[in-house]
Amino acid sequence: MPQEPAQSNRTVLLVLNYKKYSDSVNFLQSLLDTGLTDADIVILDNASGNESVQQLRTWIEAYFPAQGDDILDTDGFTMTEPRFADSLQAEYVKGRVALFSSTQNFGFSGGNNALAHIGQRLGYEFFYLLNSDILFTDPLSVRKLEALHDADPQAYVSGPAVINMDGSFDSPFRRDSFWGDALYYGPVNRVRRIFGLPMVQFDLGALSKPSGAQVYKISGAAMFFPSDRFFELDGLDENVWLSSEEPILGEKVLKAGGKIMYLPTTVVLHIKASAPRPKSKKVDILSNHFRQRNYYYRTYRGFSYWQMGVLRAGQALRLMMARI
């Protein structure tokens with residue numbers, strides 16, 4: 001049986017921390033600065049191997065207010081999902097925020113799946129999966145997303161307007177086409193970047209729908225789920241690593257007959273890593289992206305052998321150019 005949360009909030013904010021605990025601190029501070037109180041918070045450190053857990057605990061002890069009863073009992077909390085039971089530990093709780101650690105790095109998808117199982121164990125109705133480098137700006141953000149799902153039971157996932165610190169939008173996007181990815185997305189988007197225009201796949205029309213718009217995919221940095229829908233979709237696919245999670249989720253929702261909704265009337269800020277990378281590292285990142293992308297195309301889009309051959313030829317050319 002789920003351990004009922006002490007708070008009456010319907011939603012839990014689920015945050016995966018890895019190494020850069022300052023991002024998680026800034027996230028928590030943004031909640032305080034914004035005045036967002038209608039959600040509880042669970043942070044999971046994904047085997048950072050540094051002082052993240054202690055630093056987060058120290059900051060929460062010093063600065064996060066003790067609002068109401070603790071949402072869980074760290075001594076009495078047990079993880080019932082066998083995959084995560086031996087790795088996860090409830091470290092600390094103060095009011096509506098709880099801190100967990102993992103002895104195993106589960107990656108982005110696996111770490112968020114672990115967080116969702118914690119949320120399920122605590123009995124929450126909604127999961128809000130958030131990158132640690134997200135900053136809240138709207139005290140009504142959670143209520144707006146809850147209202148969207150209350151009004152539309154076919155909304156399996158939703159997301160806010162995610163704005164990067166350079167002012168660009170992080171979502172939403174339309175479904176890619178085979179010929180677009182094989183031939184013209186790359187050169188067209190290169191030209192569009194020169195003129196400061198969004199990618200050709202960007203779903204511009206969704207920005208003007210104040211009650212929410214159905215889209216193909218939203219940013220993986222901020223994803224809001226009814227808890228039952230999350231598990232109906234079998235969570236996030238753990239066969240990908242830091243790439244293609246969003247379109248895979250898009251295909252899962254399409255297959256289930258549901259909707260992914262974008263809500264432009266609430267905004268979060270996304271602080272992305274902007275440090276320059278050596279060329280060799282860029283090639284490694286691009287190569288990993290192509291591997292994950294090809295898994296998505298084979299497994300979820302059902303592309304044929306000849307289609308995959310065309311895509312791989314284009315990818316090989318791009319990798320060769322990246323090495324120059």
Exercise for the section: Output all residues satisfying side-chain hydrogen bond (donor to acceptor under 3.5 Å, both in side chains) with Ser244, sequence neighbours left out; order by chain, then residue number. Expected result: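 Scan of Ser244 (side-chain hydrogen bond (donor to acceptor under 3.5 Å, both in side chains), adjacent residues dropped) gives none.
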Handout entry: Partners meeting side-chain hydrogen bond (donor to acceptor under 3.5 Å, both in side chains) with Asp234 (sequence neighbours left out)
Key =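 Once residues adjacent in sequence are excluded, Asp234 has no partner under the side-chain hydrogen bond (donor to acceptor under 3.5 Å, both in side chains) criterion.
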Heavy-atom pair of closest approach, residues [X] and [Y]:
X: Pro160; Y: Ser171; answer: O-OG, 4.3 Å
X: Ala322; Y: Leu286; answer: CB-CD2, 4.2 Å
X: Ala155; Y: Pro226; answer: O-CG, 3.9 Å
X: Tyr216; Y: Phe173; answer: CB-O, 3.3 Å
X: Val15; Y: Ser24; answer: CG1-OG, 4.4 Å
X: Gly220; Y: Asn131; answer: O-OD1, 3.7 Å

Lys/Arg N to Asp/Glu carboxylate O, [X] vs [Y], below 4.0 Å:
X: Arg229; Y: Glu232; answer: yes
X: Asp138; Y: Lys144; answer: yes
X: Arg96; Y: Asp38; answer: no
X: Lys217; Y: Glu246; answer: no
X: Glu251; Y: Arg175; answer: yes
X: Lys272; Y: Asp170; answer: yes

Using only heavy-atom distances, determine whether the side chains of [X] and [Y] contain a donor-acceptor pair under 3.5 Å.
X: Asp86; Y: Gln104; answer: no
X: Asn294; Y: Gln315; answer: yes
X: Ser219; Y: His270; answer: no
X: Trp179; Y: Ser177; answer: no
X: Glu146; Y: Thr11; answer: yes
X: Ser109; Y: Glu238; answer: no

Exercise for the section: Look at atom CZ of Arg318 and say whether more than 12 heavy atoms of other residues, nucleotides or ligands are closer to it than 6.0 Å. Expected result: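 Atom CZ in Arg318 is not crowded, with 12 or fewer foreign heavy atoms closer than 6.0 Å.
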Handout entry: salt bridge (charged side-chain N to carboxylate O under 4.0 Å, His left out) pairs, two or more places apart, involving residues 45-66
Key =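 Every salt bridge (charged side-chain N to carboxylate O under 4.0 Å, His left out) pair that includes a residue of residues 45-66, provided the two are not neighbours, is Arg57-Glu61.
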Problem - Check: Val215 main-chain N/O paired with Arg174 side-chain donor or acceptor under 3.5 Å - result: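 Checking the backbone N and O of Val215 against the side chain of Arg174, no donor-acceptor pair under 3.5 Å is found.
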Practice task
Verify, without hydrogens or angle tests, whether Asp40 (side chain) and Val12 (backbone) share a donor-acceptor contact under 3.5 angstrom.
Solution key: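 Not at all, since once roles are kept as given, no pair shorter than 3.5 Å links the two residues.
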Handout entry: Any pair counted as ring-ring contact (aromatic ring centres under 6.0 Å, His included), so long as it reaches residues 249-268, sequence neighbours left out
Key =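 Not a single pair qualifies under ring-ring contact (aromatic ring centres under 6.0 Å, His included).
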Practice task
Report the C-alpha separation of Tyr296 and Val240 in whole Å, then their side-chain angles, then the decisive distance to 0.1 Å, and conclude whether the side-chain contact (heavy atoms from CB on, under 4.5 Å) test is met.
Solution key: CA-CA 9 Å; Tyr296 153 70; Val240 292; 5.9 Å; no
Practice task
Supply the members, apart from Tyr305, of the Ile/Leu/Val/Met/Phe/Trp/Tyr cluster built from side-chain contacts under 4.5 Å; use none for a lone residue.
Solution key: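 Under the 4.5 Å side-chain rule, Tyr305 groups with nothing.
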Handout entry: For Arg298, all residues meeting salt bridge (Lys or Arg N to Asp or Glu O under 4.0 Å), sequence neighbours excluded
Key =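 Expected list: none.
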Exercise for the section: From the options Phe224, Phe230, Phe225, select the one residue that forms a ring pair (Phe, Tyr, Trp, His ring centres under 6.0 Å) with His149. Expected result: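 Answer to the ring pair (Phe, Tyr, Trp, His ring centres under 6.0 Å) test with His149 among Phe224, Phe230, Phe225: Phe224.
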